[in-house]
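Below is one structure; the comments refer to it alone.
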Amino acid sequence: MPLEFYNWWQIALPPIAGSVIGYFTNDLAIKMLFRPYKPLFLFQKQLPFTPGLIPRNQERLAKRVSDTIMNSLLTPEELQKLAKRLLQTERVEGAILWLLQLTLKQIKEDKEQKSAKILADILRDLFGDALPKLLKVLARKDDFLSTQIDQIFDRVLLEFKLTEAQARQLSDWLLQVIFAPDLLRQALVNFLTDRNINVIDEGFKEKTSGTYWVVANLFGLKNALNRLRTFCLDEKEMANLRIKELLLSLEIRNRLKEFFLSFSLQNLPVATVKQLRQTTNKAVRDYIQEKGADFLHEFGLSIDWDKVSILIINRLQASIVVNTSLSLISEELALILERYLEEDLEKIVAQAIPILSIDQVIIERVKATTPEHLEEATQSIVQSELQAIVNLGGILGLIIGLLQSAILLIS
């Protein structure tokens, strides 16, 4: 009986021991991939198999993971496909619209008027420095603004006509400033010098005939003109009054108004208009070439750009057109970006890969991950598979033990 009991344990022990050894050996091998997390020392000597396989080779593992991902998963072709999916027109349009709306909201909530200050600096630099320099460069061309000036002349000056109110105001201004009685009197005195009086008198005598010849030679004009000059000098107020009465009797105001109402460059001869266009073109271009830059610079200095920029910003904030145009602007920008990406996406991705340094990011992230986290991540991903390996070790140990027991029974 004891012998039979001994034979029974001799046959049963190999399967039990094989399954236990196989199970716990695989479990220990899996754990030794990660543990111990740090090297262990005995008498200042590092024990073998410490730390675990993965912690010991974590840097090399990071490099292999990075190479695998970059060579197999994140290839330039795959990155281009990914970029195309991310940069679809609808997504880009939505992103641009969101940025524009966010910018407009930020401008509205800007209490310190930072946007207005930036705009003021831009306008100040534009009119104070940039445009004058640009104008100096462009003004060197022989045909600078030639077409534009001709268009302004043809569409504005050539078709310009004064209204009745404008003609009346211009006539009144001429009578008050240019044809004022005192000015006319003074001009008449300056004209009636002794020399001019003698010339008029002699010419009148020589060129008249008939009754006028008799009057010219018997009475002459010299005495009358001298008396007129003396009257204008001695009786200033009276002379001014007589000149004013003469202007009223001749209806100079109405004549001037009718002249201005009927005046138009289109009534001039074609050759005169052509010459006037050329003269205007040359005069404007010469002025711009010589003084245009200085004018723009002084113009920029004379304007309070801070107030102007605040008015512009406030107007943009309250503008319905700006708010309704954001969608259209974002759509157009998205289409422009799409056309650009169609041509240069491959180049952009090729340039972006070294800049992003994705491989280095992967390496650094893997190296920075602690062994505990690596083990947790691996266990969470392939926990069932790892447990199957452990179970398989136990089963294989059991099978080998059964084979050994079978051999024992046969022998």
To the nearest 0.5 Å, what is the distance between CD1 (I303) and CD (E298)? 12.5 Å
Can you tell if the side chain of W173 reaches within under 4.5 Å of the side chain of L170, non-hydrogen atoms only? yes
Atom pair CG/NZ of L241 and K244 - distance to nearest 0.5 Å: 7.5 Å
What distance do L228 atom CG and L233 atom CG have between them, rounded to the nearest 0.5 Å? 9.5 Å
Got a second to check how far L402's CG is from I16's CD1, nearest 0.5 Å? 10.0 Å
When you look at R242 and E245, which way does the salt bridge (charged side-chain N to carboxylate O under 4.0 Å, His left out) test go after all the steps? CA-CA 5 Å; R242 295 292 177 265; E245 292 175 353; 3.6 Å; yes
L250 versus R255, closest heavy-atom pair with distance: O-NE, 2.7 Å
Any chance you could measure L225, atom CG, to T230, atom OG1, to the nearest 0.5 Å? 10.5 Å
Within a radius of less than 6.0 Å around CD of E164, do more than 12 heavy atoms belonging to other residues, nucleotides or ligands occur? no
Taking all heavy atoms of L261 and all of K161, pick out the closest pair and write down the distance. O-CE, 3.7 Å
L162 side, atom CG; F259 side, atom CZ - distance, nearest 0.5 Å: 10.0 Å
Would you be so kind as to tabulate the donor-acceptor pairs closer than 3.5 Å made by side chains of residues 182-196, with sequence neighbours excluded?
from: D182; atom 1: OD1; to: R185; atom 2: NH2; distance (Å): 2.9
from: D182; atom 1: OD1; to: N240; atom 2: ND2; distance (Å): 3.4
from: R185; atom 1: NE; to: N240; atom 2: OD1; distance (Å): 3.1
from: R185; atom 1: NH1; to: C232; atom 2: O; distance (Å): 3.0
from: Q186; atom 1: NE2; to: N190; atom 2: OD1; distance (Å): 3.4
from: N190; atom 1: ND2; to: Q186; atom 2: O; distance (Å): 3.1
from: T193; atom 1: OG1; to: N196; atom 2: N; distance (Å): 3.3
from: T193; atom 1: OG1; to: N196; atom 2: ND2; distance (Å): 3.2
from: D194; atom 1: OD1; to: R229; atom 2: NH1; distance (Å): 3.0
from: D194; atom 1: OD1; to: R229; atom 2: NH2; distance (Å): 3.0
from: N196; atom 1: ND2; to: F191; atom 2: O; distance (Å): 2.6

Residue pair S171 / K257: nearest heavy atoms and the distance that separates them: OG-N, 3.1 Å
Do F260 and Q166 make a side-chain contact, defined as non-hydrogen atoms from C-beta onward lying under 4.5 Å apart? no
Taking all atoms of both residues into account, what is the closest heavy-atom pair of F179 and L247, and its distance? O-CD1, 3.7 Å
